[in-house]
Amino acid sequence: NMPRRIGYVTNYATHEWYQNVIKGMKARAAELGIAFEVRDANLDVNKEVSAAEDFMSQGVDVLIITPVNEGIVPLVRRAKEQGIPLVLEGSPVKRMTTMVATCDYDTGYLAGVEAGNYAMNHLGGMAKVMNVGLPLLSATVLRAHGFMDGLRTIVPNARLANDIDGGGNPDTALAASTAALARNADINIIYGINDSSAQGGLQAWKASGRSQKNLLVVGTGGEGLGFIHSMNTEPAYKIEAAMFPEKEGFTAIDTAVKLFNKQSVPLHIVSPSAAIVGADGWKKYYSVGENVRTIKWDAVNRLTPPANCMKTSAPF
Amino acid sequence: MPAEPSPIATQDGPALEVIGINKRFPGVVALEDVDLTLEPGKVHALMGENGAGKSTLIKILAGVYRKDSGAIRIGGMDADLRTPRDALRQGIKVVFQEIALISEFTVAENIYLERYPTDRLGSVDWSAIRKDAAALFERIGFDIDPAAKVGDLPVSQQQMVEIARALAHQAKIVVMDEPTSSLTPKEVELLFNVIKRLTGLGIAVLYVTHKLGEVFEIADTVTVLRDGCRISTKPIIEHTQDSLVQDMIGRHIENLFPHSRDMTGGATILSVEGLSTAKLTDINFEARAGEVLGFFGLMGAGRTELAKAIVGFDPIHTGRIVIDGKALLPHDTRTGVALGIGLLSEDRKTEGLMPELSVLHNASLAALRQFTIAGFVDEGRERGAVQQFIDKFRVKTPSLHQEIKYLSGGNQQKVLLARWLMRGLKVIVVDEPTRGIDVGAKSEIFALLDRLAGEGLAVVMMTSEMPELLGLSDRIAVMAGGRITTIINRNEATQEAILNAAIA
Amino acid sequence: MQRSPSLSATAGDMGAVAFCNALFRRNEMVLLLCLAMVIVFFSLASGSFFTIRNFANVFGQASLAMIAGIGVGVIVLAGEIDISIGSLAGAAGIPLVVIMNNGGSLELGIAGALALALTVGLVNGYLAAYLGINSLIVTLGSMFVIRGLIYLYTGQKAIPDEQSLESFYQIGNGRLLGTVPYSALTAFALLMGFMYLMRHRPFGRNIYAVGGNPEVARLAGFNVKGIKFICFVISAVLAGISGILLSSRLGSAVHVAGLGFEFQVVAAVVLGGVSLAGGVGSLFGVALGVLILSFLSNGFGMLDVPTEWQEVATGIIIITAVAFDEYKRQRK
Amino acid sequence: MREILQSANSTPTPHRLGANSPVVLIVLLALLCIAISIGSSRFYAIENITAILRQCALVLIIGSGMTLLLIAAEVDLSVGASMAFAGMIAMDVTNQTGSVWLGAAAGILFGGLVGLVNAIIVTRLKVKSLIATIAAMMILQGGVFLYSRQAIQNNNQLPAFTAISTGFFGPVPVPVLIAAIIFICTYIVLRHTLFGRYVYAVGSNPQAARLSGLNPERLKQILFIVTGLLAGLSGLILASLMNAGQPTAGRGFELTVIAAVILGGTSLNGGRGTLLGTLLGVLILQVINDGIIILGWDQELQLVVPGIVIVLAAYLDIVRRRAGAR
Ligand SMILES: Nc1ncnc2c1ncn2[C@@H]1O[C@H](COP(=O)(O)OP(=O)(O)OP(=O)(O)O)[C@@H](O)[C@H]1O
Ligand SMILES: Nc1ncnc2c1ncn2[C@@H]1O[C@H](COP(=O)(O)OP(=O)(O)OP(=O)(O)O)[C@@H](O)[C@H]1O
Ligand SMILES: [Mg+2]
Ligand SMILES: [Mg+2]
């Protein structure tokens, strides 16, 4: 029994991550013969609520939302009142039925472990980290915590030397990292809570005239082509904490169908993540053509996500 | 304020006394120990050169500026005029030199701006406003539609609205700063009737003007200021034109209208052929080197339109403007200026001044190219040249670097004239060149225009002042309804003939 | 453009043709026509557009910009501008939710939010009207400062409403008879009230006069600073009300709420024919401007137009509308 | 007696202090530097100073153009969006052609093109520049994603592309050198040339300027194009710094630039302003930004402190001008 129409309100359609989520959703919906529509909140939660309202009045059968933030709680209630099944993607809010998301902490943790190994082998066992972070979102804060905790399992005296707000976009990350490096350049690992942040941090490093020889850069997300390019060309960009947006989209559609059929689903459906290491690591999961990447479903499907995350931000 | 019109209960004694007022601006003493007494039911004229301090005194009475020291008494009581509101409450209504109306509002609404009639709920009572305004206009004989938007009215009618406003507000003291500078003779007559009506009600009128004729027509008493000091206060009957001028500028003016030139004129420099615009039809005339060509017309005849069209400021429909053999590109002031034609606009504020810039930069703007080497300004030469003009025209300014907005109107006008004269022109078009200018400066400007013509310029002068027209022009063109009705030589011109042509 | 009511009143006396002519020359008429065209277009293009439910949605969604737009309309008519409204709308939710979370009632929370808005209005007004600092600079400053303080206070997290008060949920999400959003009713009531104020109260006329020509208004004895000051307070309080409804709609005080709201509202106000120079325009026009933009965004969504095209289209519409306005004015 | 105090009349001072003097800003800047360096010794490290200057460079490049525009009573809010787009194009063309020169030229020219379109909308269609350029900003922000949804990477890893931003000319970073050259050029033009004088005149009273034989529309068009070109150049440098064309780069940059120009004392109403002020404004804002990080303060203060400083500086300017007018 398939729903006829699924509506998806995304957080930020112009971001590569969400484009790949949508790609995964579209592919799956097409496979199942479901009409699928997308609206973009463009980072504005009020707009997100409006778009969801419009979907509901248009009569979609299932609604999928990537919450911009917790401001959609009343919407969750309204969807329930109107009997429209609702799947969240990415981050949780109070009263939700279910959410499809990777574990942010675990993702960071996996990358942290790999970074620790790399530090032992190539950086003389030293780990002084600059976190190009985004305090704005609890998810991104968790990634950084996970990274440090994973790192410390291998390099116990690893130190967070610089913790900055890079705004999650490359130019702010660049500006903030530049100033932070001027304050304290005694670091050898740059961790970015997403790919743009990692790139911004790395560019600031390069702009200050340093060599990448004793540096490790770790990005997060595996959002689009950016990290593949960086891993190919930047000597220090060795590790990516990949989160496979296509897979997340795919799973979200499947979950929507389950909800529609009133099957029971867990509160958090974990989508897999993995630490990709080395310039060739990404080739395991992706192939790249002219400006597009294609996911290798076999490899990704082989990843088995844990049933529960090690740590979450959701207090409920 | 009383709600219904009634004659002011005239108590004995002066309506307003100004005692020993001082006011300084940076680098300028605008008023020094000035005394002034206004009697109810009398018109007191205030005269003086540009920059003498008249407007400053008025602004103090209006609560716009604060006096540095001195006292003001109204009806024998000390008055503290800190804001315009205080002044209005004390019954002082000022009609300013600059039109002070909200152009987006209707005439009627403007009249009741300060105090709207309201209904029981305190809402604006629009029908009362409309009716009262119509009744007011009827009473004083103004022919203005109370429902018209003020911004759509010609300047002269706006001025009339201003004056009607003073009447509507039951003022005890009405102050007028050069109210006739943009009125037609007929409107001036109307205004004088209104003033008589005001004095009949026991209202005291303070009247500022540069026009000697008017003073003798309506004033009871005249006070003359010079350089911020009171020079004299006399009943008008004790004055002659000469004595008044003597008081104002401290010297006699031998001949207001010098005429030193050979009137035959030289070669044609400017020729206008078949010019038509939205407001003008088929204008043809020539101006020759060495002559002053005067243009006369009633308000709205189209002189300003013509002036703006021939310098390339306004677009034209058809026609050719040729300067010294070269045709001007239509609607392009740059070729105009390059070919040597410039306009001194009648509207100083919106088409002349660069308020934030210094006297120096205002003066040198049009001629600046002459002081440049490869695009760079030679500031020494520039300053030297401007200084010459400032000295020659006796512009009152504390420094070349003073922002021009702080100068008095007449001094601003001189700076703007300097702007053109620094850049050797072939044709200068002056539109109401002496509007708001004192007799002394007037005679200087006349002499200057005369000399310029003598030096071979063609001077095209738009004016509403008959004496000015007759005194200075070699030939006179009269306009009516956007056409030139006649062009006559000065020695054939009579006032009557000109007026007839203007009404045609 | 805005004519004074006295003129439109006389229009009633004219013949029917002249009456229509008089109306059609008015900016509001053109806007109304645009709105009608937008509605007709989307109704034809999308089956689910022309429904009561969808219209109720749009009016509910428009109400936030409408309420803030009234305030910005007033302040722009007074010849000033307020771009701190987005930050303020975001900030207003904080005292509201925090008070409720600490056991306070909704009313107390609203009082807290309004008190915050009032304070901001007083500060903006004091700096701009009394100290004479350019209002764009003042409100640019307060836009930054308020947003920064929100981030500092919240640690860049949303503050959820923990009491889940039903009344709090209802003010922003509830609907009269299940159809008309209360927020739309609030917006409508405020619009009517302020339209009456601006057209028929001496104070409203004074605002027009002050915006039309402050120097003239001063000479006419107005307390120009005081009037502008009050306009800043009005604008801030309305932004606060908008923020209260927003936080109810979001069920929490969201730290990024209202980001970019000021651009949206100013665009609607300008589209509504209010001149940034002050003194020209009407609140009815503002309301139409808000509705046009809201219907456009709703309709574009229905047609699945991507966000980037929406942005491009909105930009072009604004330029076209303003250029057309200018063209009309010049032809006259 | 009341003869006007004509002292200044006879003693011409070439550059009159007073009306436009930047004393307040210089003092403010000095105080900031002292305060921050007390808090952190790293502030004066060469590396930090270089970093500050490099950040300043981007703002100053556009700020130079924006100052002229504001003096001429116009404004351009599309510069941030234009930067991002120009960076994308520069990177794309570099990738396509393999030539950094062509890429750079394409990016800069694109900025100029945006300036030209703004100029036409403002001078021909008579749309107020505040509105016109907000709309242009929306169109560019949407349009950049229509051009490419992904960031455009430096595919060929041309080092020359990154050298635009990270290279050094002696001890001076290349962007700082570029900014310095642009600043000095615009300074000389504004202060000492005919064109500069015309900018003030047009900003102060465009009608009067036209009557004096100037062409205000043409002049404004030039200024819009120059500002556009400079935005393109900044976009190029930013793309080089990030080694990629990022569609979201430069968001909000217009406010930073305008804040700096306003802080420098340039009037929003035209006719008044100096480039020296802009330079100081840029320095102050970047020193604040840097100081907050150097001192390890909450980065949220990067919004709060500049907000207060802008209002404060505007207020001090008013106070000083009033005092000067007494
Ligand atoms: N706000 C001001 N700041 C500085 N100086 C001023 C200011 N207002 C007037 N002045 C100066 O004060 C003097 C008196 O000016 P005022 O305007 O009163 O002259 P006026 O008699 O009205 O002249 P006019 O006949 O030209 O109108 C002039 O020297 C003028 O430059
Ligand atoms: N900017 C303006 N605003 C309102 N009315 C104007 C404006 N400019 C001109 N007018 C009016 O338009 C009419 C025709 O103007 P024009 O200037 O061509 O006539 P004119 O013969 O020069 O009369 P004036 O002595 O008023 O300059 C006049 O009544 C004039 O007052
Ligand atoms: Mg005067
Ligand atoms: Mg005229």
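Just so it is clear, the structure is predicted and the values come from calculations on it, not from any experiment. In what follows, every chain begins at residue 1, and chains take the letters A, B, ... in the order their sequences are listed.
- Taking A/Ser196, A/Pro135, A/Gly200, A/Ala207 one by one and counting their heavy-atom pairs under 4.5 Å with chain D, the maximum is reached by A/Ala207.
- Heavy-atom pairs under 4.5 Å with chain A peak, among D/Asn155, D/Thr50, D/Ile52, at D/Asn155.
- In plain terms, the two heavy atoms of A/Arg210 and D/Glu47 that are nearest each other are NH2-OE2, 2.5 Å.
- Note that the CG atom of A/Leu225 and the CD1 atom of D/Ile152 stand 11.0 Å from one another [nearest 0.5 Å].
- Residue contact with chain D, scored on non-hydrogen atoms closer than 4.5 Å, is absent for A/Tyr18.
- Between chain A and the options D/Asn48, D/Ile293, D/Leu238, the largest number of non-hydrogen pairs under 4.5 Å is found for D/Ile293.
- In A/Lys296, the NZ atom is crowded: over 12 heavy atoms of neighbouring residues, nucleotides or ligands sit closer than 6.0 Å.
- Of all the listed residues (A/Ala175, A/Ala185, A/Ala13), the one sharing the greatest number of non-hydrogen pairs under 4.5 Å with chain D is A/Ala175.
- Using a 4.5 Å cut-off between heavy atoms, D/Gln246 contacts chain A through its side chain alone, with no backbone atom that close.
- Residue A/Ile164 touches chain D through both its backbone and its side chain, counting heavy-atom pairs closer than 4.5 Å.
- Both the backbone and the side chain of A/Ala176 come within less than 4.5 Å of a heavy atom of chain D.
- For the pair A/Arg183 and D/Leu295, the tightest heavy-atom approach, listed with the atom from each and the gap, is NH1-C, 4.4 Å.
- Highest contact tally toward chain A, considering only D/Leu241, D/Asp290, D/Thr248, D/Thr162, is held by D/Leu241 [criterion: heavy-atom pairs under 4.5 Å].
- With respect to chain D, the highest number of heavy-atom pairs below 4.5 Å among A/Glu223, A/Lys206, A/His15 belongs to A/Lys206.
- Within the 4.5 angstrom heavy-atom criterion, no atom of D/Ala45 approaches chain A.
- The contact between A/Glu234 and chain D is made entirely by side chain atoms (from C-beta outward), counting heavy-atom distances below 4.5 Å.
- Here the shortest heavy-atom pairing between A/Thr178 and D/Ala51 reads CG2-CB, 3.4 Å.
- Interface remark: of the candidates D/Phe168, D/Phe145, D/Phe43, D/Phe253, D/Phe145 forms the most heavy-atom pairs closer than 4.5 Å to chain A.
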